[in-house]
Amino acid sequence: MNYILETIDITVITLGHALSVMGCAMGLSVAIMLVYLFTHRRTGFRPAMLFTMMLLGPIVSVIVICIGSNIARAISIGGGLALIRFRNTVEDPRDIVYYYISIAAGIACGVGFIGFGAIAVGLILVFILITSIIGLDRFGGTGKRLRVLIPESLDYDGVFEPVLKEYCRYSHLNRIKTQDYGTLLELDYRIILKDKHREKEFIDQLRQRNGNLNISLVQSGMEDM
């Protein structure tokens, strides 16, 4: 049988066309995944990201093939996808770029612009590799995120200011939220340390003022795993 799908509106998708589209989308997704591995070789990566990027492109290409130019079909598929709710927090904002590249590759292959998709994705990946090699993606990376737990009874206004002024070139209180039914408060700061070699000393000074409760200091833009 020459056709694997023949729609009512005479839109025909051959087996060779479907396999070539999915194969090209998979190839571009693998290339994106390899670039992701290279750019995250120092900071580490999540296996779930690799799995998602490898399959996102081919899945999107299949969806685009199924939709074609049929508006009713697009609305029905969009309604089905709207039922899905994603609760996963993106740990690194740069991961969003890889998601969008994978989606773009799938769309380009699905609509038949395989050559254009390969060139566009290739140029973007080359640019990402260049910025990673020269370290452009790490410029300004001295910023850190400081989270300090304090008892609810402690007046946090100004209690950490002397320590922050001594050890930080910049500090800003982003937010305050309660924990453990209001018995604890979490102060979330964005800071830039003057000297990264005094980090342990900086944390010890904070512990003396927060009653030795939990303190976390992570690279800015990265959430707790």
Side-chain angles (χ1 to χ4, degrees), residues 32-50 52-53 86-102 124-225:
I32 296 169
M33 182 186 67
L34 293 177
V35 172
Y36 176 83
L37 285 171
F38 179 80
T39 56
H40 287 70
R41 64 192 184 281
R42 296 187 181 92
T43 59
F45 57 88
R46 293 176 298 156
M49 271 292 297
L50 302 181
T52 301
M53 283 188 295
F86 296 98
R87 302 295 183 185
N88 187 33
T89 302
V90 179
E91 297 177 358
D92 190 341
R94 292 174 298 178
D95 292 349
I96 301 176
V97 175
Y98 290 95
Y99 284 130
Y100 276 113
I101 297 175
S102 299
I124 294 173
L125 294 181
V126 168
F127 178 76
I128 293 175
L129 285 173
I130 293 174
T131 57
S132 177
I133 291 173
I134 66 177
L136 184 62
D137 58 341
R138 296 186 296 276
F139 288 171
T142 55
K144 292 183 179 292
R145 187 173 181 180
L146 172 67
R147 293 175 178 174
V148 183
L149 284 181
I150 62 172
E152 184 272 337
S153 57
L154 178 64
D155 184 8
Y156 58 85
D157 186 19
V159 67
F160 299 112
E161 296 307 316
V163 179
L164 294 173
K165 288 181 179 179
E166 180 180 355
Y167 292 92
C168 301
R169 288 193 289 111
Y170 169 83
S171 64
H172 176 72
L173 180 59
N174 292 323
R175 66 175 180 176
I176 304 169
K177 71 176 182 179
T178 60
Q179 288 194 2
D180 291 343
Y181 304 99
T183 59
L184 296 174
L185 294 177
E186 182 185 83
L187 308 183
D188 191 336
Y189 290 91
R190 167 74 165 83
I191 66 170
I192 299 178
L193 292 172
K194 294 179 181 178
D195 184 0
K196 64 179 182 180
H197 299 294
R198 301 181 66 190
E199 196 172 276
K200 172 67 166 56
E201 181 181 338
F202 171 59
I203 295 176
D204 289 339
Q205 292 293 327
L206 293 175
R207 289 172 54 200
Q208 295 179 12
R209 288 166 170 78
N210 79 327
N212 206 27
L213 294 176
N214 286 343
I215 295 175
S216 66
L217 185 63
V218 297
Q219 192 70 29
S220 181
M222 300 295 292
E223 301 288 341
D224 290 337
M225 301 282 294

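What you see is a predicted model; the values in this text were computed from it and never measured. Just so it is clear, the values below take in all heavy atoms, side chains as well, and ignore hydrogens, waters and symmetry mates.
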Go through I101 and I128 one step at a time and tell me if the side chain to side chain contact (heavy atoms under 4.5 Å, CB included) criterion holds. CA-CA 11 Å; I101 297 175; I128 293 175; 3.7 Å; yes

Give the intermediate values and the outcome of side-chain hydrogen bond (donor to acceptor under 3.5 Å, both in side chains) for residues Y98 and T52. CA-CA 10 Å; Y98 290 95; T52 301; over 6 Å; no

Please step through side chain to side chain contact (heavy atoms under 4.5 Å, CB included) for the pair L193 and R169, ending with a clear verdict. CA-CA 6 Å; L193 292 172; R169 288 193 289 111; over 6 Å; no

Could you walk me through whether L125 and Y36 pass the side chain to side chain contact (heavy atoms under 4.5 Å, CB included) check? CA-CA 9 Å; L125 294 181; Y36 176 83; over 6 Å; no

Before you tell me yes or no, could you show the steps for L217 and I191 under side chain to side chain contact (heavy atoms under 4.5 Å, CB included), namely the whole-Å CA-CA distance, both residues' side-chain angles and the distance that decides it to 0.1 Å? CA-CA 10 Å; L217 185 63; I191 66 170; 3.7 Å; yes

Using the side-chain hydrogen bond (donor to acceptor under 3.5 Å, both in side chains) rule, take Y167 and E201 through it: C-alpha gap first, then chi angles, then the decisive distance, then the call. CA-CA 9 Å; Y167 292 92; E201 181 181 338; 2.7 Å; yes

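Across all non-hydrogen atoms, the minimal contact from Y99 to M49 is OH-SD, 2.9 Å. Across L185 and E152, no two heavy atoms sit closer than the pair CG-CA, 4.4 Å.
When side chains are defined from C-beta on, L164 counts as touching L146, because their heavy atoms get closer than 4.5 Å. A heavy-atom distance below 4.5 Å is found between the side chains of R190 and Y170. For the pair L34 and F38, the minimum side-chain heavy-atom distance is 4.5 Å or more. No side-chain heavy atom of L129 sits less than 4.5 Å from a side-chain heavy atom of S132. You'll find the side chain of I192 stays beyond 4.5 Å of the side chain of K144, heavy atoms only.
L149 contributes atom CG, which lies 12.0 Å from atom CG of L206 (distance to the nearest 0.5 angstrom). Distance CD/E161 to OG/S171: 6.0 Å, rounded to 0.5 Å. With rounding to the nearest 0.5 angstrom, the CG atom of D195 is 12.5 Å from the CZ atom of F202. Distance check, rounded to the nearest 0.5 Å: CD of E186 to CD of Q179 gives 4.5 Å. Rounding to the nearest 0.5 Å gives a distance of 8.0 Å between CE of M53 and CD1 of I32.
Applying the 6.0 Å contact sphere to OH of Y100 captures no more than 12 heavy atoms from other residues, nucleotides or ligands.
No donor-acceptor distance shorter than 3.5 angstrom exists from the side chain of K165 to the backbone of F160, with no hydrogens or angles considered.
When each of T178, L154, N210, L213 is checked for a side chain to side chain contact (heavy atoms under 4.5 Å, CB included) with L184, only L213 meets the rule.
By the 4.0 Å N-to-carboxylate-O rule, D188 lies too far from K177 to be salt-bridged with it. A salt bridge links R198 with E166: the distance from a Lys NZ or Arg NE/NH1/NH2 to an Asp or Glu carboxylate oxygen falls below 4.0 Å. Remark: R207 engages D204 in a salt bridge, criterion side-chain N to carboxylate O under 4.0 Å.
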